[in-house]
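Basis for what follows: all heavy atoms, side chains included, without hydrogens, waters or symmetry-related copies.
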Amino acid sequence: MVPEEPAPGHPGSLIEQLLADPTRSPEILAGTAVRTLGPKARDWAKGARATYPTASTEALGRLAVQHFVRSAGVRGGFGALAGPYTPIALATATVITHAELVLHLAAVYGLDPTDPQRADDLLKLASPGAGPIVVWAALSLISRSLPGVGLIAAVLGARATAEAVAVRASRFYRESQDSHSSGSS
C-alpha cells in the first residue's frame, strides 16, 4: 500500500514520514518517485508518440531503454569518482535511474506513470538489490591494483543493471498489456 501524498507546501513531510515509520521507507520513497518522476515520464511518452507517430510500442520502449542505459553509464561513472561517498552515489544513481526507466516504460505501454499503483511496480521491478554494493566492492578492489579500470567497471556495471531492469519491466508491462487486451485480469 502506497502512503498518502504529503500535504502540499509542507517541506518536511517526506522526512517526517520516513522518521515516523522507517520500516516503510521503500514504500514512502517509491510513492515520492511516482509523484515527482511520473509526470516527466508521461510527458516524454506523449512527446515520443507525437514525434514518432508510426513507431510501435516496442520501438518506443527501446528508445527509452537506450536513453536510460546511457544515463546509467554516465551516472555510474560519476558515482565512481565520488571518493568515500561512492557507495551512496552509486546506490542513489541506480535507484533514480531504475525508477525513471520503469516509469517511462509504464507510460510507453499505456499505463499512467503518475498512478499510485506504479509505486508497487517500482518496488517489484526497480529494486537495486545488492548491485550497487557489489559494484562498489569491485571498484575498491580493482582501483587499488589497476587505476582507471574502476571507472570503466562502474560504467559497465551501471549499464548492465539498467538493462536487467529494462528486461524485467518490459516483460512485465508487455504481459500486463497482453492480458488486458485479451480481457483477462
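Side-chain contact between T94 and H98 is present, with heavy atoms from C-beta onward closer than 4.5 Å. Taking 4.5 Å as the limit, every side-chain heavy atom of L105 sits out of range of all side-chain heavy atoms of F172. R35 places none of its side-chain heavy atoms less than 4.5 Å from the side chain of T114.
Hydrophobic clustering of Ile, Leu, Val, Met, Phe, Trp and Tyr side chains at less than 4.5 Å, counting indirect connections, unites L125 with V34. With hydrophobic clusters built from ILVMFWY side chains whose heavy atoms lie under 4.5 angstrom apart, V155 does not share a cluster with V69. Grouping the Ile, Leu, Val, Met, Phe, Trp and Tyr side chains by contacts below 4.5 angstrom, directly or via other members, places L103 with L63.
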Between side-chain atoms of residues 71-80 and protein atoms elsewhere (two or more places apart, or another chain), which donor-acceptor pairs fall under 3.5 Å?
unit_1	atom_1	unit_2	atom_2	d
S71	OG	R75	NE	3.4
R75	NH1	T97	OG1	2.7
R75	NH1	E100	OE1	2.9
R75	NH2	E100	OE1	3.2

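Pairing each heavy atom of L60 with each of A48, the nearest pair is CD2-CB, 3.9 Å.
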Exercise for the section: Walk me through it: do R70 and R159 pass the test side-chain contact (heavy atoms from CB on, under 4.5 Å)? Expected result: CA-CA 7 Å; R70 275 193 308 269; R159 289 176 60 96; 3.9 Å; yes
Problem - CA sep, side-chain torsions, deciding dist, call: Y173, V102, side-chain contact (heavy atoms from CB on, under 4.5 Å) - result: CA-CA 9 Å; Y173 290 128; V102 168; 3.5 Å; yes
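The main-chain N or O of L18 is never found under 3.5 Å from a side-chain atom of R24 such that the two would form a donor-acceptor pair. A donor-acceptor pair under 3.5 Å is formed between the side chain of T161 and the backbone N or O of A158.
For the atom pair S170 OG and L101 CG, the distance stands at 7.0 Å (nearest 0.5 Å).
Residue pairs meeting the side-chain hydrogen bond (donor to acceptor under 3.5 Å, both in side chains) criterion with at least one member in residues 52-63, sequence neighbours excluded, are E58-Y109, E58-R174. Judged as a side-chain hydrogen bond (donor to acceptor under 3.5 Å, both in side chains), not a single pair has a partner in residues 37-50 (not counting sequence neighbours).
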